[in-house]
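Note that the numbering runs from 1 along the sequence shown for the chain. Note that the coordinates shown come from a computational prediction; the quantities given were computed from them, not determined experimentally.
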Amino acid sequence: MAETKVSLPAKLINGGVAGLVGVTCVFPIDLAKTRLQNQQGIQVYNGMLDCLAKTVRTEGYFGCYRGAAVNLTLVTPEKAIKLAANDIFRQKLSKDGHLPLWGEVLAGSGAGTCQVIVTTPMEMLKIQLQDAGRLAAQRSVPTPAQAAAPGPAPSLVARPPAPPQRPSATSITVELLKTRGLAGLYRGAGATLMRDVPFSMIYFPLFANLNALGREKSGGVQARAPFWQSFIAGCTAGSVAAVAVTPLDVIKTRLQTLQKGEGEDTYKGIVDCTQRILRREGPSAFLKGATCRALVIAPLFGIAQGVYFLGVGETVLGFLG
């Protein structure tokens with residue numbers, strides 16, 4: 001497959017714009033995914049729609065965007081690094097304008113490895129903010145033992161307990177740096193790498209091939225895909241890759257969650273986490289949030305690739321030039 005020369009500044013702009021637009025559209029579903037994946041004992045939510053409905057009811061509409069500021073701040077460098085690195089690796093691995101399948105997989109792997117530098121701290125902070133609402137809701141749900149225990153009738157005049165103070169990204173960052181150093185922000189980096197590298201190895205080759213369907217070469221150069229084809233190719237490749245690596249995403253989410261609810265496990269590492277989930281919750285637990293992930297990643301990468309191939313970055317640079 002022939003590849004056109006990459007303009008790195010334009011790709012960085014495209015990646016940033018695509019990330020901002022995509023995250024704004026799908027962040028509530030990502031919040032539901034995190035909360036569903038972290039459920040172990042007390043089941044606060046029965047599914048994605050139930051989670052979103054309860055979140056809006058208890059935390060308001062903007063509760064669905066808890067942690068979005070972190071994503072919106074860091075998604076620009078993350079997406080820029082990922083998309084630009086993939087293009088650069090593809091160019092370096094191409095021979096005579098053609099890139100074999102092994103080169104596509106290797107380029108995707110390199111892109112996934114590069115983005116972990118930004119993805120790990122971003123996910124670390126985002127997960128704490130997203131899961132805070134679940135932990136607060138869990139405290140109001142009595143355990144089976146509490147429900148069965150006899151006790152005095154609740155007072156009709158007693159004041160309800162004050163809601164717990166919500167953490168902020170700044171307070172979490174300061175606390176992690178103070179207690180664990182820079183390594184605290186990179187907790188779960190191995191699991192993040194284990195998820196993102198296979199994702200990119202699946203996504204980028206699948207997208208490139210779907211995006212090339214029906215396109216003819218002119219003078220050895222592949223014609224640019226129309227918007228609808230880039231969008232559909234991005235959605236399809238994104239959803240397939242997202243579902244395929246969901247078990248790894250569950251492990252990563254559990255490892256990066258600092259605050260645990262009543263009766264929930266803490267883990268020593270990837271192997272310990274895998275064994276405990278399998279033993280306590282069964283194989284189906286590794287697919288928690290799979291639907292949410294597909295619904296998040298599909299439009300996220302569809303929008304990303306649509307913006308990428310529409311050449312928004314090139315347009316911006318043209319105005320500036």
Side chains of Val56 and Cys64 in contact at under 4.5 Å (non-hydrogen atoms): yes
Spacing of CD belonging to Gln259 relative to OG1 belonging to Thr266, to within rounding of 0.5 Å: 11.5 Å
Leu52 vs Pro28 side-chain heavy atoms within contact, under 4.5 Å: yes
Co-membership, hydrophobic cluster, residues Ile277 and Val245, 4.5 Å side-chain: yes
Heavy-atom donor-acceptor pair, Gln229 side chain to Leu210 backbone, under 3.5 Å: yes
From Asp30 atom CG to Cys292 atom SG, the distance as rounded to the nearest 0.5 Å: 8.5 Å
Gln128 (side chain) donor-acceptor with Leu258 (main chain) under 3.5 angstrom: yes
Rounded distance [0.5 Å steps], CD1 in Ile303 versus SG in Cys235: 7.5 Å
Expected output: side-chain Thr236 to main-chain Ala233 donor-acceptor under 3.5 Å: no
Connected via hydrophobic side-chain network under 4.5 Å: Trp102 and Leu206: no
All salt bridge (charged side-chain N to carboxylate O under 4.0 Å, His left out) counterparts of Arg134, not counting sequence neighbours: Asp131, Glu264
Check ion pair Glu59-Arg35 (N to O, under 4.0 angstrom): yes
Side chains of Ile251 and Phe286 in contact at under 4.5 Å (non-hydrogen atoms): yes
Any side-chain donor near an acceptor of the partner, Arg254 and Tyr267, under 3.5 Å: yes
Side-chain heavy-atom pair Arg293, Ile29 within 4.5 angstrom cut-off: no
hydrophobic_cluster_shared for Leu295 and Phe27, side chain cutoff 4.5 Å: yes
Nearest non-hydrogen partners of Leu125 and Ala169, listed with the distance: CD2-O, 4.0 Å
Audit row: Lys82, Phe204, side-chain contact (heavy atoms from CB on, under 4.5 Å) steps and yes/no: CA-CA 10 Å; Lys82 184 171 192 162; Phe204 283 111; 3.9 Å; yes
Stepwise side-chain contact (heavy atoms from CB on, under 4.5 Å) check, Lys252 with Ile127: CA-CA 10 Å; Lys252 182 201 74 69; Ile127 286 172; 3.4 Å; yes
Chi angles and distances behind the side-chain contact (heavy atoms from CB on, under 4.5 Å) call for Met124, Leu176: CA-CA 10 Å; Met124 183 70 186; Leu176 285 172; 4.2 Å; yes
Minimum heavy-atom distance Phe89-Cys114, with the two atoms named: CE1-SG, 4.1 Å
Gln39 (side chain) donor-acceptor with Val44 (main chain) under 3.5 angstrom: yes
Heavy-atom pair of closest approach, residues Tyr186 and Val116: CE2-O, 4.2 Å
In one Ile/Leu/Val/Met/Phe/Trp/Tyr side-chain cluster, 4.5 Å: Phe62, Leu72: yes
Contact list for residues 189-204, test side chain to side chain donor-acceptor pair (under 3.5 Å), sequence neighbours left out: Gln115-Asp196, Arg195-Asp249, Tyr203-Gln305
Pair Thr173, Thr170: side-chain N/O donor-acceptor within cut-off below 3.5 Å: no
Closest non-hydrogen atom pair, Val26 against Pro299: CG1-CG, 3.5 Å
CG-SG distance between Leu278 and Cys273, expressed to the nearest 0.5 angstrom: 11.0 Å
Gln40 side chain vs Asp265 backbone, donor-acceptor pair below 3.5 Å: yes
Connected via hydrophobic side-chain network under 4.5 Å: Ile297 and Ile81: no
Salt-bridge present (Glu281, Arg276; N to O < 4.0 Å): no
Aromatic ring proximity Phe199/Phe301, centre distance under 6.0 Å: yes
Over all atoms of both residues, closest heavy-atom pair of Val118 and Pro77: CG1-CG, 4.2 Å
Heavy-atom pair of closest approach, residues Gly112 and Val197: C-CG2, 4.2 Å
Gap between atom NZ of Lys33 and atom OG1 of Thr246 - 0.5 Å precision: 8.5 Å
Any Leu129 side-chain heavy atom under 4.5 Å of Ile172 side chain: yes
Non-hydrogen side-chain atoms of Leu185 and Thr120 separated by less than 4.5 Å: no
Any donor-acceptor pair under 3.5 Å from Thr257 side chain to Thr253 backbone: yes
Lys126 vs Glu78, salt bridge (Lys or Arg N to Asp or Glu O under 4.0 Å): CA-CA, chis, key distance, verdict: CA-CA 14 Å; Lys126 182 197 73 172; Glu78 185 213 26; over 6 Å; no
Residues Lys260, Leu135; criterion side-chain contact (heavy atoms from CB on, under 4.5 Å); working and verdict: CA-CA 8 Å; Lys260 300 292 184 178; Leu135 294 173; 6.0 Å; no
Pairwise distance CG(Leu213) to CD1(Ile232) - rounded to 0.5 angstrom: 11.0 Å
pair Arg180-Arg187: side-chain heavy atoms closer than 4.5 Å: yes
Asn209 side-chain N/O to Pro205 backbone N/O, donor-acceptor pair under 3.5 Å: yes
Side-chain (Tyr65) to main-chain (Thr24) donor-acceptor, under 3.5 angstrom: yes
